[in-house]
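The basis for the numbers below is simple: all heavy atoms, side chains too, and nothing from hydrogens, waters or symmetry mates.
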Amino acid sequence: MKVSRAMQVFRVANLAFLLVVVFLTLYPFLNILAQSFSSEGFINAGQVNLFPMGFNIETYKLILADSTFWRNYGNTVLYTVVATAISMVLTTSFAYAIAKKDLKGRSAFIGIAVFTMFFNGGLIPNYVLISSLGLRDTLWAVVLPNAISVFNLLIMKSFFENMPRELEEAAAIDGLTQYGVLFKVVLPLSKAIVATMVLFYAVANWNSWFQAFLYLDKPELFPVTIYLRNMIAGVTTAGSAGGTTENMGQIAANIQSVTIILTVIPILCVYPFVQKYFFSGVMLGSVKE
C-alpha cells in the first residue's frame with residue numbers, strides 16, 4: 001500500500017515531536033544522575049548537564065555505608081509490600097461489590113466513597129484518631145490511613161462493570177459462589193487492571209513520607225524517605241553518618257541528587273515488568289460502553 005506524501009510528512013513530524021518530548025522528559029532525570037556522580041566544584045559552577053563532571057562517589061559511599069540507611073530501606077520495602085497488599089484486597093473487594101447494579105444501597109456506598117475525595121476530617125483529628133487507637137510508632141499507622149484510593153477504586157469499579165455478566169452467570173450456574181466467581185473467573189481475567197492498581201499503590205506507598213513523619217517517632221521505624229529527607233534537611237548530619245570535614249562540601253553539593261537516585265531505582269526496576277499491563281489496564285478501566 002502506497003503511503004501518501006502528506007502521511008510521510010506527518011510521520012516525520014510526529015517522530016520529531018515525540019523525540020523532543022522524550023528528551024524533555026529524560027533530561028531532568030539524566031541531569032540528576034550526572035550530578036550525583038559529579039564533584040563539588042563542577043556542580044556549584046553549574047557545569048553539569050547530561051554527563052558527570054569530575055567523577056565522584058563520596059556521597060554514595062557515605063550513605064551506602066550507613067547501617068541506618070539499610071534498616072530504613074528495609075522498612076520501606078516492608079511498608080510498601082504490606083500497604084499495597086492491604087490496599088489491593090480492600091479496593092478489589094469494594095470495587096467488585098459496588099460494580100453490581102443490583103446491590104442494595106449501591107448509590108450510598110459510591111456516594112460515601114466519592115465524598116471522601118473532597119472532604120476529610122483534617123490533620124489534627126486524624127492524628128488524634130491514630131493516637132487514640134494506639135497505632136502511633138507502629139507499622140499500621142503508616143499502612144492503614146490511606147488504604148483505599150477512591151480514584152483507583154472508581155477505575156476498578158468501571159472495569160468490573162464492563163466485564164460481561166454472562167461469564168459470571170455461567171460460573172454461577174456451574175455452582176460457584178460469589179467468592180468463587182471473583183477468585184476463579186473475575187480476577188484471572190483482570191490481570192491488566194490488577195497490575196495497574198498494584199503499580200499505582202506501590203509507587204504511592206514507596207514515595208510516601210508524611211504519614212511516617214507524622215506518626216513515627218522512633219528512628220529505627222523510619223522509611224528511607226524520612227532518612228533521606230533528614231539528610232537533605234541537615235537533621236541527620238554528614239558527620240553523624242560518618243562524614244568528615246574534608247568531604248562535607250562534596251556531600252552538601254550532591255546529596256539531593258544522590259538521594260533522588262537511590263529512592264527511584266527500585267521503581268524503575270519494577271516498572272518494565274508491569275508496563276504492558278499498565279497501559280491496557282488504564283484504558284480498559286476508563287472506557288464505558
Using a 4.5 Å cut-off on heavy atoms from C-beta on, say whether the side chain of Val194 contacts that of Phe159. no

For the residue pair Ile63 and Tyr227, establish whether any side-chain heavy-atom pair is separated by less than 4.5 Å. yes

In terms of heavy-atom contacts, does CG of Leu15 have more than 12 from other residues, nucleotides or ligands at under 6.0 Å? yes

Provide the closest heavy-atom pair for Ser190 versus Phe160 in the form atom of the first, atom of the second, distance. OG-CE2, 3.7 Å

Considering all heavy atoms, the nearest Ser257-Ile32 contact: CB-O, 3.4 Å

Show the nearest heavy-atom pair for residues Leu153 and Ala113, with the distance to one decimal. CD2-CB, 3.9 Å

Can you list every salt bridge (Lys or Arg N to Asp or Glu O under 4.0 Å) pair that touches residues 144-160, not counting sequence neighbours? Lys157-Glu161

If hydrophobic clusters are built from ILVMFWY residues whose side chains come within less than 4.5 Å, do Ile265 and Leu199 share one? yes

Should Val143 and Leu90 be regarded as members of a common hydrophobic cluster, given that ILVMFWY residues are connected when their side-chain heavy atoms come within less than 4.5 Å of each other, either directly or indirectly? yes

Counterpart residues, side chain to side chain donor-acceptor pair (under 3.5 Å), relative to Asn49 (two or more places apart): Tyr27

Can you name the side chain to side chain contact (heavy atoms under 4.5 Å, CB included) partners of Val21, sequence neighbours left out? Phe17, Thr25

Using a 4.5 Å cut-off on heavy atoms from C-beta on, say whether the side chain of Trp140 contacts that of Ile86. yes

Go through the structure and list residues passing ring pair (Phe, Tyr, Trp, His ring centres under 6.0 Å) with Tyr79, not counting sequence neighbours. none

Is there side-chain contact between Tyr60 and Leu262, with heavy atoms separated by less than 4.5 Å? yes

Kindly state each residue pair satisfying salt bridge (Lys or Arg N to Asp or Glu O under 4.0 Å) with at least one member in residues 81-93, sequence neighbours excluded. none

Flag, side chain of Asn162 to backbone of Ser158, donor-acceptor distance under 3.5 Å: yes

Side chain Thr196, main chain Ala192, donor-acceptor under 3.5 Å: yes

Under the side chain to side chain contact (heavy atoms under 4.5 Å, CB included) test, which residues partner Thr116, sequence neighbours left out? Val150

Scanning both residues in full, the closest heavy-atom pair of Ile130 with Pro145 reads CD1-CG, 4.0 Å

Any side-chain heavy-atom pair of Leu30 and Phe51 under 4.5 Å: no

Across all chains, not counting sequence neighbours, the ring pair (Phe, Tyr, Trp, His ring centres under 6.0 Å) partners of Phe118 are none

Taking a hydrophobic cluster as the set of Ile, Leu, Val, Met, Phe, Trp and Tyr residues connected by side-chain heavy atoms closer than 4.5 Å, whether directly or through intermediates, do Leu139 and Leu129 fall within one such cluster? yes

Mark yes or no for whether Thr76, through its side chain, and Val224, through its backbone, hold a donor-acceptor pair below 3.5 Å. yes

How long is the straight-line distance from OG of Ser38 back to CG of Asn31, given to the nearest 0.5 Å? 8.5 Å

Answer yes or no: is there a side-chain heavy-atom contact under 4.5 Å between Arg106 and Lys100? no

Under a 4.5 Å side-chain heavy-atom rule over Ile, Leu, Val, Met, Phe, Trp and Tyr, are Leu50 and Leu19 clustered together? no

Who pairs with Tyr179 by side chain to side chain contact (heavy atoms under 4.5 Å, CB included), at least two apart in sequence or on another chain? Thr177, Phe183

Taking all heavy atoms of Ser87 and all of Ala147, pick out the closest pair and write down the distance. OG-O, 2.7 Å

Any idea which heavy atoms bring Met197 and Met88 closest together, and the distance? CB-SD, 3.6 Å

Would you indicate whether the side-chain heavy atoms of Leu182 and Leu187 approach each other to under 4.5 Å? yes

Which pairs, with at least one residue in residues 114-140 and sequence neighbours excluded, count as a salt bridge (Lys or Arg N to Asp or Glu O under 4.0 Å)? Arg136-Asp217

Once you measure the plane-to-plane angle for Phe37 and Phe55, does it fall in the parallel (<30°), tilted (30-60°) or perpendicular (>60°) bin? parallel

Applying side chain to side chain contact (heavy atoms under 4.5 Å, CB included) to Val264 and not counting sequence neighbours gives Phe29, Leu268

Enter the distance from Thr92:OG1 to Asn152:CG here, rounded to the nearest 0.5 Å. 10.0 Å

Contacts of Lys184 that satisfy salt bridge (Lys or Arg N to Asp or Glu O under 4.0 Å) - sequence neighbours left out: none

Geometric class of the Phe109/Phe94 ring pair [parallel <30°, tilted 30-60°, perpendicular >60°]: perpendicular

Taking distance alone, no hydrogens or angles, what donor-acceptor pairs closer than 3.5 Å link side-chain atoms of residues 200-216 to residues at least two apart or in another chain?
{"residue": "Tyr201", "atom": "OH", "partner": "Thr91", "partner atom": "OG1", "Å": "2.6"}
{"residue": "Tyr201", "atom": "OH", "partner": "Ser149", "partner atom": "N", "Å": "3.0"}
{"residue": "Asn205", "atom": "ND2", "partner": "Thr84", "partner atom": "OG1", "Å": "3.4"}
{"residue": "Asn205", "atom": "ND2", "partner": "Tyr201", "partner atom": "O", "Å": "2.9"}
{"residue": "Trp206", "atom": "NE1", "partner": "Thr263", "partner atom": "O", "Å": "2.7"}
{"residue": "Asn207", "atom": "ND2", "partner": "Val203", "partner atom": "O", "Å": "3.3"}

Candidate pair Leu64 and Tyr73, rule side chain to side chain contact (heavy atoms under 4.5 Å, CB included), full reasoning: CA-CA 11 Å; Leu64 296 178; Tyr73 218 96; over 6 Å; no

Taking atom CG of Leu103 and atom CD1 of Ile98, what is their separation to the nearest 0.5 Å? 9.0 Å

Tell me whether Val12 shares a hydrophobic cluster with Val9, the cluster being built from Ile, Leu, Val, Met, Phe, Trp, Tyr side chains joined at under 4.5 Å. no

So, the side chain of Asn72 versus the backbone of Thr225: is there a donor-acceptor pair under 3.5 Å, distance only? no

